[in-house]
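Below is one structure, written out as structure tokens, with a few remarks after it.
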Amino acid sequence: MIGFKLEILWHFLLFRWQRRKRFNQKSLGQLRATKETRWRKNLQKSSFYKALSGQLLSQFPIMDKSSFMTHFDEINTVGITKEEAFAVGLESEKSRNFSPTVRGTTVGLSSGTSGNRGIFLASQTERAIWVAAIFDRVIGFSLRKRKVAFFLRANSTLYESVNSSLLQFKFFDIKSDMEEHCQTVVATSPHILVGQPSVLIHIARHYEQTGQRPSFEKVISVAEVLEDDQKAYLEKVFKIMIEQVYQCTEGFLAHTCKAGFLHFNEDWLLIEKKYLDEEKKRFHPIITDLLRTTQPIVRYELNDIIHEGGPCSCGLKTMQIAKIEGRSDDVFVFVHDDKTITIYPDFIRQAVAFSSDAIDNYVVIRRSEKKIGLFIEVNKGDFLNAYRKAESALQSLFEIFGIPGITIIREEEQLLQKGVKFKRIRNESHQTI
């Protein structure tokens with residue numbers, strides 16, 4: 001344990017020493033080039049990438065979750081099979097004990113938001129680097145004693161392993177009683193709160209309803225897309241800027257800068273952009289991680305829809321993310337009169353959100369070719385009136401796009417499942433981009 005903490009400290013100091021390079025484009029490129037040399041040597045240990053290790057990055061195949069899982073055994077560098085990893089991961093999910101490893105390598109499962117479960121592997125060094133990066137870019141360093149409340153779907157011994165006299169982590173399982181968790185948070189007054197937006201909103205409402213005064217120094221949104229209205233509400237209740245971490249099975253991808261914008265961690269990530277529209281407004285990021293050694297992430301295409309931001313006032317030269325719009329799985333694609341019509345999630349959000357100020361939350365689901373499900377929650381006023389306005393706004397949207405014959409059905413409250421990532425826009429039909 002002492003050795004692991006020393007390893008975290010070493011990588012934290014390294015990140016701090018390299019920090020200034022992130023504010024200079026030339027230095028940032030040199031830093032990546034140094035990491036890339038070591039990264040290519042490590043690819044020699046992967047039977048899948050060994051023959052490609054000396055090639056240009058553009059000559060490597062582009063991977064997605066399906067191809068990545070198909071070649072899981074050949075890609076990883078430690079000889080762990082997919083069957084071994086799944087067995088450990090599934091048992092951890094079932095028992096809610098997330099400490100088991102395979103020959104010293106941590107195994108985790110993604111929650112399968114995009115429809116397919118993924119497996120991630122991490123060595124002790126990779127875990128130390130991750131913790132050091134989170135300390136450097138998210139939690140920050142302080143000589144004061146601080147408590148961190150983590151509201152997550154799955155725990156990891158990683159959090160408890162870095163407990164110290166200065167920093168104490170407490171895991172809250174979001175599949176358990178949230179009201180009891182909220183009472184514990186109020187009673188213990190953690191300095192830092194981490195959770196997905198739907199959970200943070202639940203906690204914020206508890207504070208509002210009980211009249212308690214929150215005293216968090218940091219509130220960090222993870223796992224789900226943080227939408228503008230959610231961010232505004234959370235900042236109103238907690239009275240501080242809500243920070244974000246963009247992270248998935250493929251790694252720690254982006255963090256919030258001091259100006260409040262997400263930035264890709266381009267000091268160790270190579271980002272290629274696959275544009276989705278003619279205006280080059282939206283793109284899929286294709287990720288190459290120069291620090292992942294156990295399970296190399298090489299030209300891995302995420303199906304998240306990213307909007308790139310401009311130069312940031314914070315001074316970082318890493319790419320700013322203006323918005324994470326959602327996943328391509330949740331884009332609504334229609335075919336009418338032999339034309340393909342694409343409606344991105346932002347259009348749907350705007351239609352419902354601006355239809356009535358009584359709407360507190362909503363879900364729009366594409367059930368089939370011409371059937372759309374709508375669920376809303378209201379914070380005031382007449383529910384039926386608000387529902388009709390939202391329904392009318394959606395119908396108008398489809399008419400503007402030239403899509404006739406849409407039927408909107410009313411969805412029920414069981415859409416909001418505890419312990420599951422919350423998504424407002426969902427495509428459950430077979431039509432995707």
Discussion item. Using side chain to side chain contact (heavy atoms under 4.5 Å, CB included), reason through Met178 and Ile203 one step at a time and then give a plain yes or no.
Written reply: CA-CA 8 Å; Met178 275 300 300; Ile203 296 169; 4.2 Å; yes

Worksheet item: Thinking salt bridges, do Arg19 and Asp136 make one under a 4.0 Å N-O criterion?
Response: yes

Item to complete: Take atom CD of Glu179 as the centre, draw a 6.0 Å sphere, and report whether it contains more than 12 heavy atoms from other residues, nucleotides or ligands.
Response: yes

Practice prompt. For Asn265 and Arg22, test the side chains for any donor-to-acceptor distance below 3.5 angstrom and give the result as yes or no.
Written response: no

Worksheet entry | Point-to-point distance, once rounded to the nearest 0.5 Å, from CZ of Arg127 to NE2 of His11 | 12.0 Å

Fill in: Within 6.0 Å of NZ in Lys82, more than 12 heavy atoms from elsewhere
yes

Fill in: Side chain proximity check, Arg349 to Glu325, heavy atoms < 4.5 angstrom
yes

Discussion item. Any carboxylate oxygen within less than 4.0 angstrom of a Lys/Arg side-chain nitrogen, looking at Glu391 and Arg410?
Written reply: no

Worksheet item: Donor-acceptor pair, Ser46 side chain versus Asn42 backbone, under 3.5 Å?
Response: no

Discussion item. Check whether Thr77 reaches the backbone of Thr293 with its side chain - one donor and one acceptor, N or O, closer than 3.5 Å.
Written reply: yes

Fill in: NZ/NE/NH1/NH2 to OD/OE distance under 4.0 Å, Asp228 and Lys231
no

Discussion item. Distance check, rounded to the nearest 0.5 Å: Glu301 atom CD versus Ile62 atom CD1?
Written reply: 6.0 Å

Discussion item. Please report the interatomic distance CD1(Ile242) to NZ(Lys218), rounded to the nearest 0.5 Å.
Written reply: 11.0 Å

Practice prompt. Using a cut-off of 6.0 Å, state whether more than 12 heavy atoms not belonging to Lys35 lie near its atom NZ.
Written response: yes

Fill in: Name of the residue among Arg40, Arg32, Arg38 meeting salt bridge (Lys or Arg N to Asp or Glu O under 4.0 Å) with Glu36
Arg40

Discussion item. I'd like to know if Arg205 and Asp360 make a salt bridge, using a cut-off of under 4.0 Å between side-chain N and carboxylate O.
Written reply: yes

Practice prompt. Report yes or no: does Asp289 contribute a side-chain atom to a donor-acceptor pair with the main-chain N or O of Ile297 at less than 3.5 Å?
Written response: no

Discussion item. Would you say that Pro296 contacts Phe60 through its side chain, given a criterion of any heavy-atom pair below 4.5 Å between the two side chains?
Written reply: no

Fill in: Which atom of Phe261 lies closest to which atom of Cys312, heavy atoms considered
CD1-SG, 3.9 Å

Worksheet entry | Arg103 CZ: over 12 foreign heavy atoms closer than 6.0 Å | yes

Fill in: Audit row: Thr407, Lys370, side chain to side chain contact (heavy atoms under 4.5 Å, CB included) steps and yes/no
CA-CA 6 Å; Thr407 300; Lys370 291 293 182 73; 5.8 Å; no

Fill in: Any donor-acceptor N/O pair, His263 side chain to His255 backbone, under 3.5 Å
no

Worksheet item: Do Glu217 side-chain atoms and Ile192 backbone N/O form a donor-acceptor pair below 3.5 Å?
Response: no

Worksheet item: Which atom pair, heavy atoms only, marks the closest approach of Ser53 to Gln44?
Response: OG-NE2, 2.5 Å

Worksheet item: Going by the angle between their ring planes, with limits at 30° and 60°, are Phe334 and Phe398 parallel, tilted or perpendicular?
Response: perpendicular

Discussion item. Measuring only between side-chain heavy atoms, which start at C-beta, is Arg299 closer than 4.5 Å to Met63?
Written reply: no

Worksheet item: Which word best sums up how the rings of Phe68 and Tyr300 line up, parallel for under 30°, tilted for 30 to 60°, or perpendicular for over 60°?
Response: perpendicular

Item to complete: Measure from the side-chain N and O atoms of Asp73 to the backbone N and O of Asn76, and report whether any donor-acceptor pair falls under 3.5 Å.
Response: no

Item to complete: Taking Ser392 for its side chain and Lys389 for its backbone only, find out whether a donor-acceptor pair lies under 3.5 Å.
Response: no

Fill in: Within 45° cone of Phe172 ring axis and under 6.0 Å: Lys170 NZ or CZ
yes

Worksheet entry | Minimal non-hydrogen separation, Ala390 against Ile359, with atom names | CB-CD1, 3.9 Å

Worksheet item: Heavy atoms, side chains only, cut-off 4.5 Å: are Leu291 and Glu126 in contact?
Response: no

Worksheet entry | Shortest non-hydrogen contact from His336 toward Pro404 | CE1-CG, 3.3 Å

Discussion item. For the NZ atom on Lys317, are there more than 12 heavy atoms of other groups (residues, nucleotides or ligands in this structure) within a distance under 6.0 Å?
Written reply: no

Worksheet, complete the sentence: So NZ of Lys323 and CG of Leu226: to nearest 0.5 Å the spacing works out to 12.0 Å

Practice prompt. Run the numbers on Asp229 and Arg424 for salt bridge (charged side-chain N to carboxylate O under 4.0 Å, His left out), then give the verdict.
Written response: CA-CA 12 Å; Asp229 64 315; Arg424 281 181 168 171; 2.9 Å; yes

Practice prompt. Search all heavy atoms of Ile343 against all heavy atoms of Val331 and return the closest pair with its distance.
Written response: O-CG1, 3.5 Å

Fill in: From CD1 (Ile287) to CD (Glu272), nearest 0.5 Å
9.5 Å

Discussion item. For Phe375 and Asn361: C-alpha separation, side-chain torsions, deciding distance, then whether side chain to side chain contact (heavy atoms under 4.5 Å, CB included) applies.
Written reply: CA-CA 8 Å; Phe375 165 80; Asn361 201 8; 5.5 Å; no

Worksheet item: For the residue pair Tyr49 and Trp39, is the inter-centroid distance of their aromatic rings smaller than 6.0 Å?
Response: no

Worksheet item: Should the pair Phe252 and Trp268 be assigned to parallel (<30°), tilted (30 to 60°) or perpendicular (>60°) ring geometry?
Response: tilted

Practice prompt. Could you check Phe332, Phe347, Tyr344 and say which one makes a ring pair (Phe, Tyr, Trp, His ring centres under 6.0 Å) with Phe401?
Written response: Phe347

Worksheet item: Of the non-hydrogen atoms in Pro197 and Gln230, which two are nearest, and what is the gap between them?
Response: CB-OE1, 3.8 Å

Discussion item. Is there a side-chain contact between Leu276 and Thr342 in this structure, where contact means two heavy atoms from C-beta onward sitting under 4.5 Å apart?
Written reply: no

Fill in: Flag, side chain of Glu84 to backbone of Val102, donor-acceptor distance under 3.5 Å
no

Discussion item. Checking the side chain of Asp337 only, and the main-chain atoms of Lys339 only, is there a donor and an acceptor separated by less than 3.5 Å?
Written reply: no

Worksheet item: Should the pair Asp304-Arg327 be classified as a salt bridge under the 4.0 Å nitrogen-to-oxygen rule?
Response: yes

Response to the item:
CD1 (Ile306) and CD1 (Ile321) are apart, to the nearest 0.5 Å, by 5.0 Å

Discussion item. For Tyr207 and Phe238, take the angle between the two ring planes, folded into 0 to 90°, and tell me which bin it lands in: parallel under 30, tilted 30 to 60, perpendicular over 60.
Written reply: perpendicular

Worksheet entry | Sub-4.5 Å side-chain heavy-atom contact between Ile305 and Ser328 | yes

Discussion item. Applying side chain to side chain contact (heavy atoms under 4.5 Å, CB included) to Asn303 and His284, what does each step give before you reach the verdict?
Written reply: CA-CA 6 Å; Asn303 67 352; His284 282 175; 4.2 Å; yes

Fill in: Phe86 ring center within less than 6.0 Å of Phe72 ring center
no

Worksheet item: Can you find a heavy atom in the side chain of Ser356 that is under 4.5 Å from one in the side chain of Tyr362?
Response: no

Worksheet item: Can you find a heavy atom in the side chain of Phe151 that is under 4.5 Å from one in the side chain of Leu193?
Response: yes

